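Please read the structure below before turning to the comments.
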Amino acid sequence: MFLHGSISAPHPPFPGLRLSPGRAHGRQVAMAASSSRGGEGYPLTISDEKLESRGFAVRRGAEGLELEELNAVFVAVGFPRRDPERIRVALEHTEAVVWLEQRKTRRPVAFGRATGDGVFNAIIWDVVVDPSFQGIGLGKAVIERLLRELLGKGISNIALYSEPRVLGFYRPLGFVADPDGIRGMVYSRKHKKK
Amino acid sequence: MWLANESRIPSSSSSPSPSHTCIINSHQLSECCVGWTRVTRIISHILTMLTLNLNAISSSSVLFLNLLHRTNADTLSLLASSLVFVSDHNLFTVMLSPLVAATRKFKSFQLKAGFWESIKSGLMKNNTTQVIDPPSVDEEDEEPLPQEFVLVEKTEPDGTIEQIIFSSGGDLDVYDLQALCDKVGWPRRPLSKLAAALKNSYIVASLHSIRKSPGSEGNEQKRLIGMARATSDHAFNATIWDVLVDPGYQGQGLGKALVEKLIRALLQRDIGNITLFADSQVVEFYRNLGFEADPEGIKGMFCYQL
């Protein structure tokens, strides 16, 4: 189940996020201290140069990203189109943004971003790959670079919400669903019990 | 918004028992005020509100019906009424304060004294059968959440007053926070990182206890007893982290209040997607607050590739 399979004992309990009062927080501090995969050490399946040779430029940050073109990718994968102004605000308050630009057309073909508190936790949102460019490793390239950037800052608690049909995409990248029974929950007004 | 609290609102006809927790009404009353803009909606809601199932209300409950109306056909016509029902057992508080602004376009709303008298006496008779759901309240109609307010006030037998203050301003001492994390048994995190995490959080909600002894001439003890924070991109998503309540104050609904107010603050800032990750034993706690686990099969995943 875990990628770095030299560990025969079960992986240590999930560090982070104890939302119940009184419950032990886990080994977050120890994990952060022993993290050896931060920054440049994080492996990339396809290098920046290789992507470049295939016609894709790796872009970091929102500069140069045309928001309506990003919206076009969102719509193409079935996400709702969003108000570009709100996207602009969101990106201003997003810690890490990685996207791949097709050199020929100068359009974004893959995108992902991560928000968080900058020290402990981060959540990856809005990972999209234009359907015409899926299946060639671009999504993986985006995630790996996001992880590299976050781990480089020492953030060891990285999470995301995955639609059921792409659980298989995230698993080989090292993501585990519901570890230790931790459940992702979303607030829904209509479900609120009064 | 309907409040169910573990407290009793003191009324004019009974003095609050000193060992009971009393709610400070002012802020909560104002929170419950709903701005109504249409006369017909007012009328229908008032009429439905006034037929209530009073079976749950015990003999010591207090009902006061306070109606104000001004009938001024030419300008604005305001109708405010508040109904407060307090029952011994479930302490169900219903507050309705509709405000009507009627312009010349609407028929002015004139209430006859006799009409209200008859309704009032009908209520007192305790003979109604219909259970009424409180009218649905649009979040947008609610008063904005004040940044800081008294959540609970308790008077102890010796006269000491303890107030629990909620604040969404994020002004909490990082040393206090570390002490609180120690108290609940969380491993130590570096102070500088704690400070940075708070600074980078979109909203930091806190609960402080302020205790004033009688005759202490203004000396008060202030302690941090709870915290919850949310990170956000300020536009679409927010995630709640680190919800904690001092063990000495747990079991009183403070954690619930903390999270509820945090959610409300986020909703008022127009954040549509509020998320969190819950340990298995608190999934139910958050479900009761309106969270859904794995909506549409969407799963929370964590990166173990560290």
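Just the heavy atoms: all of them, side chains too, but no hydrogens, waters or symmetry mates, feed the values below. Not measured: the values here are computed from a predicted model. Below, read A as the first sequence line, B as the second, and so on, with proteins coming before strands; counting in each chain starts at 1.
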Report task. Would you indicate whether the side-chain heavy atoms of A:V89 and B:D233 approach each other to under 4.5 Å? Result -> no
Report summary line: All heavy atoms of A:G116 vs all of B:T231, minimum pair found to be C-CG2, 3.9 Å
Report task. Below 4.5 Å from any heavy atom of chain B, which atoms of A:R82 appear? Answer side chain, backbone, both or neither. Result -> side chain
Query - Lys/Arg N to Asp/Glu carboxylate O, A:D117 vs B:R229, below 4.0 Å - result: yes
Requested in this report: Check ring-ring contact (aromatic ring centres under 6.0 Å, His included) between B:H208 and all other residues, then give those that pass, not counting sequence neighbours.
Outcome: none
Requested in this report: Output, in order, the C-alpha distance, side-chain angles, deciding distance and verdict of side chain to side chain contact (heavy atoms under 4.5 Å, CB included) for B:C303 and A:L147.
Outcome: CA-CA 9 Å; B:C303 186; A:L147 290 177; 4.0 Å; yes
Report task. Evaluate the criterion side chain to side chain contact (heavy atoms under 4.5 Å, CB included) for residue pair A:W125 and B:T275; output intermediate values, then yes/no. Result -> CA-CA 12 Å; A:W125 303 99; B:T275 63; 4.0 Å; yes
Report summary line: In short, B:G300 meets A:Y161 closest at the heavy-atom pair CA-CD2, 4.4 Å
Query raised in the report: Looking at B:F277, is A:R183 sitting on its ring face, NZ or CZ under 6.0 Å from the six-membered ring centre and within 45 degrees of the normal?
Result: no
**Report entry** A:P164 to B:G297 - nearest heavy-atom pair and separation
**Finding:** CD-O, 3.6 Å
Query raised in the report: Any side-chain heavy atom of A:S188 sitting closer than 4.5 Å to one from B:F291?
Result: no
Query - Per-residue contact mode, A:R113 against chain B (heavy atom under 4.5 angstrom) - result: side chain
Query raised in the report: Under the ring-ring contact (aromatic ring centres under 6.0 Å, His included) test, which residues partner B:Y175, sequence neighbours left out?
Result: none
Query raised in the report: Step by step, would you call A:Y187 with B:L267 a side chain to side chain contact (heavy atoms under 4.5 Å, CB included)?
Result: CA-CA 10 Å; A:Y187 182 71; B:L267 290 172; 3.9 Å; yes
Requested in this report: Using non-hydrogen atoms and a 4.5 Å limit, figure out which bit of A:I123 sits close to chain B: side chain, backbone, both or neither.
Outcome: side chain
Query raised in the report: Of A:L167, A:L160, A:V176, which is the lone residue that meets side chain to side chain contact (heavy atoms under 4.5 Å, CB included) with B:K299?
Result: A:L167
Report summary line: So, the part of B:S192 with a heavy atom under 4.5 Å from chain A: the answer is neither
Report summary line: Nearest heavy-atom approach of A:R171 to B:M301 is CG-CE, 4.1 Å
Query raised in the report: Hey, is CZ on A:R86 packed in by over 12 heavy atoms from elsewhere, all under 6.0 Å?
Result: yes
Report task. Could you have a look at B:L194, B:N200, B:N237 and say which one has the most heavy-atom pairs with chain A under 4.5 angstrom? Result -> B:N237
Query raised in the report: With a 4.5 angstrom heavy-atom cut-off, which part of B:N273 approaches chain A: side chain, backbone, both or neither?
Result: side chain
Requested in this report: Examine whether an atom of A:S162 lies under 4.5 Å from a heavy atom of chain B, and if so say whether it belongs to the side chain, the backbone or both; otherwise answer neither.
Outcome: both
Requested in this report: Please lay out, stage by stage, how B:V283 and A:I182 fare under the test side chain to side chain contact (heavy atoms under 4.5 Å, CB included).
Outcome: CA-CA 8 Å; B:V283 169; A:I182 296 178; over 6 Å; no
Requested in this report: Name the member of B:P295, B:A228, B:A293, B:G255 that forms the most heavy-atom pairs with chain A at distances under 4.5 Å.
Outcome: B:A293
Requested in this report: Please look at A:I87 and chain B and tell me whether the side chain, the backbone, both or neither of the residue comes under 4.5 angstrom of a heavy atom of that chain.
Outcome: both
